[in-house]
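Since the structure comes first, as structure tokens, the remarks are kept for the end.
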Amino acid sequence: MTVTTALWSFALVVGLLTLTPGLDTALVLRTSALGHRARAWGVVLGIQTGVLAWGALTSLGVTALLTASHLAYELLRWAGAAYLVWMGVRMLRSTFRGLPAADPDEPAPAAQDSLAAGWRQGALTNLLNPKVGAFYVAVLPQFLPPDTDHLAMGLLLTAEHILLGLLWSTALVACARLLSARLRRPSTRRTLDRLTGTVIAAFGIRLAFGD
């Protein structure tokens with residue numbers, strides 16, 4: 001396999017993975033739709049930071065130790081599941097408190113619209129998901145030509161994944177922004193939070209009790 005073939009083939013695999021609706025998509029859409037522009041981009045950058053970490057660790061062979069150690073994998077799996085369930089339940093709980101929703105014409109409060117807070121949320125969501133690491137351990141080595149530096153090639157492939165993720169996230173943020181005024185209405189916001197909270201909690205439960 002040549003470097004060019006590896007890049008095109010890996011782009012196809014991770015491109016399809018990126019386009020598949022999942023937890024990352026739900027987080028980016030929900031955060032952006034509520035008018036939290038800075039936080040939405042923080043979530044995007046946090047997710048891609050996690051991707052970079054998993055790709056670098058896989059290229060170094062470190063994540064192979066994680067998959068080889070059943071205890072380490074289980075600890076990370078349960079930590080990730082607990083975080084996702086907590087985040088989902090928190091969203092659901094806020095919709096039943098009867099708190100007045102923000103005026104859709106007003107900017108989001110600075111405490112909520114924070115790039116750093118979004119980055120933490122995105123990075124934790126990605127890094128606490130051992131299935132991302134397992135994916136990289138299983139897939140990335142298949143696209144490393146034997147005559148290349150595995151660390152450099154692994155980082156190049158990871159950068160390709162990050163670029164595709166950023167392009168897709170840009171499209172998601174743009175679409176959500178077009179509908180943000182409608183989606184930030186009190187009734188629509190409650191529905192959006194309940195849907196997103198349910199999806200995130202379900203991911204956590206699936207991570208905890210799935211195969």
Side-chain angles (χ1 to χ4, degrees), residues 4 6-56 84 87-88 91 102 104-110 112-129 131-133 135-136 139-140 143 155-185 187-204 206:
T4 302
L7 288 171
W8 280 108
S9 302
F10 190 71
L12 178 61
V13 172
V14 296
L16 292 173
L17 179 66
T18 300
L19 293 175
T20 301
L23 178 60
D24 293 349
T25 300
L27 278 177
V28 173
L29 280 175
R30 184 260 179 187
T31 308
S32 182
L34 294 181
H36 302 161
R37 182 182 302 180
R39 188 180 182 114
W41 281 112
V43 169
V44 171
L45 295 176
I47 291 170
Q48 301 312 321
T49 299
V51 171
L52 177 61
W54 284 118
L84 292 178
M87 186 163 53
M91 286 183 187
D105 294 325
E106 294 181 358
Q112 296 180 15
D113 193 17
S114 165
L115 182 73
W119 182 87
R120 286 194 300 271
Q121 185 179 42
L124 280 174
T125 300
N126 191 279
L127 291 172
L128 288 176
N129 187 353
K131 291 189 175 182
V132 179
F135 168 80
Y136 261 85
V139 174
L140 190 64
F143 296 90
L155 291 176
L156 181 60
L157 292 172
T158 302
E160 185 176 50
H161 188 185
I162 291 172
L163 176 60
L164 291 173
L166 288 174
L167 290 174
W168 177 237
S169 294
T170 300
L172 291 177
V173 170
C175 290
R177 290 292 298 171
L178 290 175
L179 299 173
S180 62
R182 180 176 300 178
L183 292 174
R184 288 166 64 193
R185 293 173 181 171
S187 59
T188 307
R189 176 170 180 167
R190 283 192 295 270
T191 301
L192 179 63
D193 276 359
R194 287 173 185 174
L195 178 61
T196 307
T198 300
V199 169
I200 291 175
F203 267 100
R206 182 180 177 184

**Item:** Any residue meeting side-chain hydrogen bond (donor to acceptor under 3.5 Å, both in side chains) with Asn126, in chain and number order, not counting sequence neighbours
**Value:**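 Listed in chain order: Trp54.
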**Prompt:** With sequence neighbours excluded, what pairs up with Thr25 under the side-chain hydrogen bond (donor to acceptor under 3.5 Å, both in side chains) test?
**Reply:**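 Result, side-chain hydrogen bond (donor to acceptor under 3.5 Å, both in side chains) vs Thr25: none returned.
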Could you pull out all donor-acceptor pairs under 3.5 Å where a side-chain atom in residues 156-165 meets a protein atom, sequence neighbours excluded?
residue: Thr158; atom: OG1; partner: Gly154; partner atom: O; Å: 2.8
residue: His161; atom: ND1; partner: Tyr136; partner atom: OH; Å: 2.6

**Asked** Taking the side chain as C-beta and beyond, is there a heavy-atom pair between Val28 and Ile47 under 4.5 Å?
**Response**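 Val28 reaches Ile47 side chain to side chain.
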**Message:** Does anything in residues 166-176 form a side-chain hydrogen bond (donor to acceptor under 3.5 Å, both in side chains)? List the pairs, not counting sequence neighbours.
**Reply:**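 Residue pairs passing side-chain hydrogen bond (donor to acceptor under 3.5 Å, both in side chains), neighbours aside: none found.
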**Prompt:** Can you name the nearest heavy-atom pair linking Ala33 to Ala176, along with the distance?
**Reply:**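 Reported closest heavy-atom pair: N-CB, 3.8 Å.
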**Prompt:** How many angstroms lie between atom CZ of Arg120 and atom OG1 of Thr49, to the nearest 0.5 angstrom?
**Reply:**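 Answer rounded to 0.5 Å: 13.0 Å.
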**Asked** Could you state the interatomic distance from CD (Gln121) to OG (Ser114), rounded to the nearest 0.5 Å?
**Response**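 OG of Ser114 is found 11.0 Å from CD of Gln121.
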**Item:** Counterpart residues, ring-ring contact (aromatic ring centres under 6.0 Å, His included), relative to Phe135 (two or more places apart)
**Value:**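 Here no residue qualifies.
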For residues 11-18, tabulate all N or O donor-acceptor pairs below 3.5 Å that involve a side-chain atom, not counting sequence neighbours.
residue: Thr18; atom: OG1; partner: Val14; partner atom: O; Å: 2.7

**Asked** Got a sec: does the CH2 of Trp41 have more than 12 other heavy atoms crowding it under 6.0 Å?
**Response**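 Result for CH2/Trp41: enclosed.
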